[in-house]
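Take a look at the structure set out below.
A note on names: the letters A, B, ... follow the listed sequences, proteins ahead of strands, and every chain is numbered from 1.
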Amino acid sequence: DVKVTQSSRYLVKRTGEKVFLECVQDMDHENMFWYRQDPGLGLRLIYFSYDVKMKEKGDIPEGYSVSREKKERFSLILESASTNQTSMYLCASSWGYSGKRNTEAFFGQGTRLTVV
Amino acid sequence: QQQVKQSPQSLIVQKGGISIINCAYENTAFDYFPWYQQFPGKGPALLIAIRPDVSEKKEGRFTISFNKSAKQFSLHIMDSQPGDSATYFCAASLSATNKLIFGTGTLLAVQP
């Protein structure tokens, strides 16, 4: 079974803190994603990585950065957390440039981040 | 700019009824259209997907209808069951990248 593991289920941070959300996948997938889920807004793509050290901005990258130093690990960084970044964060992985037809994205269980 | 628009935002259906969720997309280059199902406390999981070379795909009680000219696709859940109560997301992507763009989600409640 494919497994996408997010390091924390719940996280509470203070305004201005630097926050790291970690995600690890065990399928050797090229693609990894960070989404933010908010009621009524669905899943909004923050950043997308299609290979080690490669990244592409999604729809809402402001206030976030990412790091992918190893293929299996994709980190989301909130440089200076703000209350409007309180949300559910979902990591996902899928095949990419290898051209495999199975394009299913596998999601982690999410990290509910509260910034106070 | 919402590249994939989904409606309705919420839906209540009686057990045994048909649930219908609609999506529309803008980018004609999209060539993969999945639906994901999410239960509370879980990440979304792939339910069913379609490519634009067919107009319909059926898996059990779940059917995707696809209208390429209208740039619309929909999910039909036949004989809806209380266990189908979940949030459903449509999505679209380009096969070359598999970068998924999601709709806003539909909260489905199936009443017994």
Side-chain angles (χ1 to χ4, degrees), chain A residues 1-6 8-10 21 23 25 27 29-51 54-61 74 88-112, chain B residues 1-11 21-27 30-54 57 59 64 75 86-108:
Chain A
D1 268 1
V2 173
K3 202 158 187 181
V4 178
T5 304
Q6 294 183 231
S8 306
R9 289 295 304 273
Y10 300 94
L21 302 184
C23 176
Q25 51 98 0
M27 261 305 270
H29 284 158
E30 295 93 2
N31 289 347
M32 294 190 76
F33 310 80
W34 276 106
Y35 291 92
R36 171 176 170 163
Q37 182 174 10
D38 299 288
L41 297 177
L43 296 167
R44 292 181 292 167
L45 182 63
I46 305 172
Y47 266 99
F48 163 58
S49 170
Y50 50 92
D51 203 348
M54 306 305 287
K55 62 186 179 185
E56 188 176 304
K57 290 181 180 178
D59 296 323
I60 51 164
F74 192 34
M88 171 68 82
Y89 290 88
L90 287 161
C91 174
S93 72
S94 75
W95 295 115
Y97 64 78
S98 61
K100 295 183 193 296
R101 284 286 287 187
N102 183 354
T103 51
E104 179 176 357
F106 294 86
F107 282 82
Q109 292 209 319
T111 296
R112 182 161 296 282
Chain B
Q1 182 184 357
Q2 189 74 37
Q3 293 192 59
V4 179
K5 296 183 180 180
Q6 183 173 346
S7 63
Q9 190 169 353
S10 63
L11 183 61
I21 305 170
N22 300 299
C23 281
Y25 62 97
E26 297 173 4
N27 187 347
F30 286 145
D31 60 358
Y32 177 67
F33 302 90
W35 285 89
Y36 280 76
Q37 180 188 54
Q38 184 183 32
F39 293 106
K42 303 286 188 183
L46 179 66
L47 181 64
I48 186 172
I50 197 168
R51 295 188 184 274
D53 51 347
V54 296
K57 183 173 182 180
E59 289 183 3
I64 299 179
L75 176 70
T87 301
Y88 292 81
F89 293 96
C90 63
S93 74
L94 297 169
S95 291
T97 62
N98 289 343
K99 177 181 166 184
L100 277 171
I101 305 297
F102 283 87
T104 50
T106 296
L107 180 61
L108 171 66

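- Heavy atoms closer than 4.5 Å to chain B are found in the side chain of A:Arg9, but not in its backbone.
- Residues A:Leu43 and B:Gln38 form no side-chain contact, since every pair of their non-hydrogen atoms from C-beta on lies 4.5 Å or further apart.
- By number of non-hydrogen pairs under 4.5 angstrom with chain A, the leading residue of B:Gly105, B:Ala49, B:Gly41 is B:Gly41.
- The CG atom of A:Leu90 sits 13.0 Å away from atom NZ of B:Lys42, with the distance rounded to the nearest 0.5 Å.
- Nearest heavy-atom pair across A:Phe33 and B:Leu100 is CE2-N, 3.8 Å.
- Here the closest non-hydrogen pair linking A:Gln37 and B:Phe89 is NE2-CZ, 3.4 Å.
- For CZ of A:Arg112, the number of neighbouring non-hydrogen atoms (other residues, nucleotides, ligands) closer than 6.0 Å is 12 at most.
- Interface remark: A:Glu56 contributes side-chain atoms only to the contact with chain B (heavy atom separation under 4.5 Å).
- Residue contact with chain B, scored on non-hydrogen atoms closer than 4.5 Å, involves the side chain of A:Leu45 exclusively.
- Both the backbone and the side chain of B:Pro44 have a heavy atom closer than 4.5 Å to some heavy atom of chain A.
- Judged purely by atom type and a 3.5 angstrom limit, A:Tyr35 has no side-chain atom pairing as donor or acceptor with the backbone of B:Phe102.
- Residue A:Lys57 comes nearest to B:Lys99 through the heavy atom pair O-NZ, 4.1 Å, listed as atom of the first residue, atom of the second, then distance.
- When all heavy atoms of B:Tyr32 and A:Glu104 are compared, the closest pair comes out as OH-N, 4.2 Å.
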